[in-house]
Amino acid sequence: MNGNYVRIFDTTLRDGEQSPGATMTSTEKMEVARALARLGVDVIEAGFPAASPDDLEAVRRIAQEVGNPSDGNHIPIICGLARATRNDIEKAWEGVRHAARPRIHTFLATSEIHMKHKLNMTRQQVLDRVREMVTLARSLCEDVEFSPEDAGRSDPEFLYQVLDEAIRAGATTLNIPDTVGYTIPEEFGALIAGIRQNTPGIQHCTISVHCHNDLGLATANTLAGIRAGARQAEVTINGIGERAGNTALEEVVMALNTRRSIFNLETGVDPTQIVRLSKLVSNYTSIVVQPNKAIVGGNAFAHEAGIHQDGMLKNHMTYEIMRPEMVGASQTKLVLGKHSGRHALKMRLGSLGYALTDNEMGLVFERFKLLADKKKTITDADLEALVSSEVYQPPELFALDGLQVACGTMGMPTATVRLRDPQGQMHIQACVGTGPVDATYKAIDAVIQYPTSLQEFVVHAVTEGIDALGEVTVRIQGENPSPVFDAQKETEQQRTYGGYGADTDIIVASAKAYLSALNKILVASGQYGPVEETAILSVA
Ligand code: KIV
Ligand code: ZN
């Protein structure tokens, strides 16, 4: 491989999905995997197949469909994670084996604290296990990645020994994780340089870096690792992941692009798709991107201070180190209006990177016309919200057919909802609440009768102006309704699920977001399994 090329290994679907509440349905995972392949990432870590039968199935589908593109375009490596155990490695292989380019990624902790308190293993036992398990993985798959977990806090001398074992057993990529986000850039860079110097055979392998953001240093550490010779970066979209998250893909890619003269390195990522993917992942995981988040935050390209605005008008380079269009951040204000036709809408969505089927276009066009009646100017951001709320949705088991609320200072906030159930039957319920959203959610609960608790409710306007579309994101957690204890079911049902809705009426948007999260939880509960395959619309 070209020595100036940095492989982008995306782990949004594995480490990212480990963020609290980031659970995605298997259809959502497929959509994210397809979008990642279009973005041009080199490796997609599709999941942790031994974690559950659902995880295995999701990895298998991604391997089969995204790992074998029919259009002959870029073929990403599809990777499955495995602890260093026979069962995990065999499950990972089962998951990825049908990909054109499969990879098994196995890991074992090497820091004293993990070996002593978590694994209860000696150094020698760790060395033996690494040899045995990498050998097993390599007997199944030609492409094997090994990670010494908590490498950032491991004794470097021991690390060289472990990596030596892994290389001799057939590992082709050695990933160095700063699992708990403990290191600082100089230290992490020196760790990678030390590994390059002291590990026999390392020159035949790719060194990878995998950093967590506990001290806010994940991107800086990743870049330090790359400067020290790593040629694979493990990242997630929006930096989602365990605790404070992982290194953000968009930050690494744009740092390498923007400071090319320093790094002199390239990636295969098409940066113009970054913002779209960021929104897709945010909608599916219901993890809202903070406004000041680098590259993809709502304010990343906003200029508020008069002095800055003045400078921007004279020359945008005064305050802008990259142009918003380079990452696909919408700039255009007036896009379409009431008189725009289906063709114009399709063209505009196409230029934003959406390839919708006729069915999906029909749904978006219908919403677009309704919106154009209420709102004079429709921007790219509005269109993206419409696509998210109409197309990127879980199967609609229960659908909102009507909603009416009465609220204000004079009485009791009351909501009446009409829902269509999976059999097409209508249900009407009215409830009183502390406010219109509470009343609406109570009325929905009265129809669906699935016990959940609301963990988070966020509302914000897509664009400026009183007629703006409101976006609502909710997160709910299931409460095990079964009187019989079932550990597997309990975990499934108690996971957190997110939902997204957009409408000019924020109570309607709130109802849609809540229903979207409830629909996900109902699918996960297994009561409506097959519906997912048929009901969701797929994005080309
Ligand atoms: O953070 C970590 O150590 C990991 C490993 C499994 C690579 O995610
Ligand atoms: Zn990790």
Side-chain angles (χ1 to χ4, degrees), residues 7-20 22 43-51 55 59 77 79-85 87-89 91-92 95-96 103-115 117-119 121 126 129-130 133-134 137 143-155 158-159 162-163 166 171-183 188 191-192 195 205-219 221-222 225 230 232-249 251-252 285 287:
R7 276 189 167 167
I8 298 297
F9 174 115
D10 182 276
T11 182
T12 305
L13 294 170
R14 199 279 299 169
D15 223 340
E17 219 229 356
Q18 285 173 223
S19 322
V43 188
I44 298 175
E45 187 161 57
F48 187 2
D55 283 60
V59 175
I77 294 172
C79 174
L81 183 71
R83 283 165 298 195
T85 66
N87 175 60
D88 272 34
I89 289 171
K91 284 267 161 52
V96 299
R103 174 180 292 186
I104 297 176
H105 175 192
T106 186
F107 70 98
L108 188 63
T110 50
S111 64
E112 292 303 322
I113 189 158
H114 276 231
M115 288 189 292
H117 297 285
K118 188 182 84 173
L119 300 175
M121 285 171 87
V126 165
R129 178 77 73 82
V130 169
M133 291 302 138
V134 173
D143 185 346
V144 173
E145 173 168 329
F146 171 73
S147 293
E149 192 191 8
D150 204 15
R153 290 190 299 171
S154 300
D155 168 9
F158 179 54
L159 211 48
V162 173
L163 295 175
T172 42
T173 298
L174 294 159
N175 178 44
I176 310 304
D178 182 17
T179 304
V180 289
Y182 180 70
T183 61
F188 194 67
L191 180 66
I192 302 300
I195 287 170
C205 302
T206 302
I207 302 181
S208 167
V209 284
H210 175 118
C211 299
H212 279 266
N213 205 28
D214 299 64
L215 293 173
L217 293 172
T219 299
N221 285 342
T222 297
Q232 175 176 289
E234 302 204 354
V235 291
T236 61
I237 301 290
N238 299 336
I240 63 169
E242 285 278 5
R243 307 180 310 281
N246 287 61
T247 307
L249 176 146
E251 293 175 13
V252 172
T285 57
I287 298 180

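Order of appearance sets the numbers: ligands from 1, and atoms from 1 within every ligand.
Residue Asn175 touches ligand 1 through its side chain alone, judged by heavy-atom distances below 4.0 Å. Residue contacts with ligand 1, taken as heavy atom pairs separated by less than 4.0 Å, involve Arg14 solely via side-chain atoms from C-beta onward.
Polar contact with ligand 1: absent for Glu234 (N/O pair, distance under 3.5 Å).
For Thr85 and Asn87, the side-chain atoms include no donor-acceptor pair closer than 3.5 Å. Inspection of the Asp150 and Thr179 side chains reveals no N or O donor paired with an N or O acceptor under 3.5 Å. For the 3.5 Å distance criterion, the side chains of Ser208 and Glu234 qualify, holding a donor opposite an acceptor.
Smallest separation of non-hydrogen atoms from Ala22 and Ile287: CB-CD1, 3.9 Å. Across Leu217 and Thr183, no two heavy atoms sit closer than the pair CD1-O, 3.7 Å. Across all their heavy atoms, Cys79 and Val43 have their closest contact at CB-CG1, 3.8 Å.
Close approach of ligand 1 to Glu149 is summarised as follows: ligand atoms under 4.0 Å from at least one heavy atom of the residue are 3 (O). Interface atoms of ligand 1 facing Pro177, defined by a heavy-atom separation under 4.0 Å, are 2 (C), 3 (O). Each of the following atoms of ligand 1 lies closer than 4.0 Å to a heavy atom of Ser147: 7 (C). Taking every non-hydrogen atom of Asp15 and a distance limit under 4.0 Å, the qualifying atoms of ligand 1 come out as 8 (O). Proximity to His212 (heavy-atom distance under 4.0 Å) selects the following atoms of ligand 1: 1 (O).
Distance from atom 4 (C) of ligand 1 to its nearest protein heavy atom, with residue and atom name: His210 NE2, 3.5 Å.
Of the candidates Val162, Val134, Leu119, Leu108 forms a side-chain contact (heavy atoms from CB on, under 4.5 Å) with just one, namely Leu119.
Centred on the Zn ion (ligand 2), the angle running from His212 (NE2) to His210 (NE2) is recorded as 100°, rounding to 10°.
The Zn ion (ligand 2) lies closest to atom OD2 when only the N/O/S atoms of Asp15 are considered.
Nearest to atom 3 (O) of ligand 1 by heavy-atom distance, out of Ile176, Thr179, Thr106, is Thr179.
Around atom CZ of Phe158, more than 12 heavy atoms belonging to other residues, nucleotides or ligands sit under 6.0 Å away.
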